[in-house]
Amino acid sequence: MPATDELSTDEPATEDDPLHAAHDALARARRSARSRGLRPGAPAGAGRRKRAVGETVKEGDRRDPHQVGAEIDRLVASRGWDSDVQVGSVVGRWAAIVGATVAANVEVVAFEGTVLTVRAASTSWATQMRLLCSTVLARIEHEVGIGVVTEIVVHAPGGPTWRKGRLSSGGRGPRDTYG
């Protein structure tokens, strides 16, 4: 069996080689490619022209690669998901917007229109969040965009529930036995 060095030469194989016809055809193809200015055996795309630094991509050429961010922005805009993505951005980046301590004690409950509703873990955190509303609104405008959130409604934690289990009655609960 011939060595790999023998295969890479352009010399035709000897007559006693069983793959003589294949070697001969390969040698002819390489000579023909060299005569046309190509470099046989070079990696794919090695002979292609590189784009200059200031040269831009034609608008109609869809084969050229595009930046991922630009493609995602185009997809979001074409589907009409702009507001949904902004809402998801506020909810998803809540801890980055308000900080880890506030995010651990205040959670996003709802987002309707431009009104963000949050629930605090305690009444003191509800008071603190009411004091921080203007600062948080400014941070949301800076991080996500202007007009995404125009108002923050802060709810204190709810009282204890007397409902236990799936099959609870619709009555007033234990309060009706107190007197």
Side-chain angles (χ1 to χ4, degrees), residues 39 41-179:
R39 297 181 339 175
R48 293 188 183 175
R49 184 177 73 88
K50 301 278 186 205
R51 205 176 277 122
V53 174
E55 191 177 349
T56 59
V57 178
K58 296 177 198 172
E59 284 295 321
D61 196 2
R62 294 182 179 203
R63 296 175 298 162
D64 289 336
H66 300 279
Q67 293 180 344
V68 174
E71 287 297 309
I72 290 175
D73 291 342
R74 187 185 60 76
L75 174 70
V76 167
S78 70
R79 303 279 189 200
W81 296 337
D82 293 331
S83 61
D84 296 336
V85 169
Q86 290 173 339
V87 168
S89 179
V90 170
V91 174
R93 296 192 304 173
W94 179 248
I97 293 171
V98 298
T101 308
V102 176
N105 294 295
V106 180
E107 65 178 346
V108 176
V109 177
F111 198 108
E112 295 179 15
T114 59
V115 178
L116 178 68
T117 306
V118 297
R119 182 173 313 281
S122 66
T123 54
S124 61
W125 271 106
T127 303
Q128 182 69 25
M129 188 62 200
R130 286 186 187 103
L131 294 172
L132 290 173
C133 275
S134 61
T135 307
V136 171
L137 281 172
R139 286 290 308 256
I140 290 173
E141 283 185 5
H142 177 72
E143 294 283 328
V144 180
I146 298 173
V148 177
V149 178
T150 57
E151 181 183 358
I152 297 177
V153 176
V154 181
H155 290 295
T161 179
W162 298 105
R163 293 181 175 255
K164 306 292 185 212
R166 293 182 315 128
L167 303 173
S168 60
S169 65
R172 293 185 55 214
R175 292 177 297 278
D176 64 352
T177 60
Y178 290 153

Closest non-hydrogen atom pair between Val153 and Glu151, with its separation
CG2-OE2, 3.9 Å
Do His155 and Thr117 have side chains that get closer than 4.5 Å, going by heavy atoms?
yes
Mind listing the closest non-hydrogen atom pair of Phe111 and Leu116 along with its distance?
CD1-CD1, 3.3 Å
Indicate yes or no for a side-chain donor-acceptor contact from Trp94 to the backbone of Val106 under 3.5 Å, with no hydrogens or angles considered.
yes
Neighbour count >12 (heavy atoms, 6.0 Å) for atom CG, Leu131:
yes
OG1 of Thr127 to CG of Leu132: how many Å apart, nearest 0.5 Å?
11.0 Å
Give me the atom names and distance for the closest heavy-atom approach of Ala156 to Thr123.
CB-CG2, 4.4 Å
Val102 side chain near Gln128 side chain, heavy-atom distance below 4.5 Å
no
Just verifying a value: how many Å separate Leu137 CG and Ile97 CD1, rounded to the nearest 0.5 Å?
10.5 Å
Between Arg139 and Val98, is there a side-chain heavy-atom distance shorter than 4.5 Å?
no
Tightest non-hydrogen contact, residues Ala126 and Val154, listed as O-CG1, 3.7 Å
Can you name the nearest heavy-atom pair linking Arg93 to Glu143, along with the distance?
NH2-O, 3.0 Å
Less than 4.5 Å apart, any side-chain heavy atom of Met129 and any of Val118?
yes
So, taking the atom named CD in Gln67 and the one named CD1 in Ile72, what distance separates them when rounded to the nearest 0.5 Å?
11.5 Å
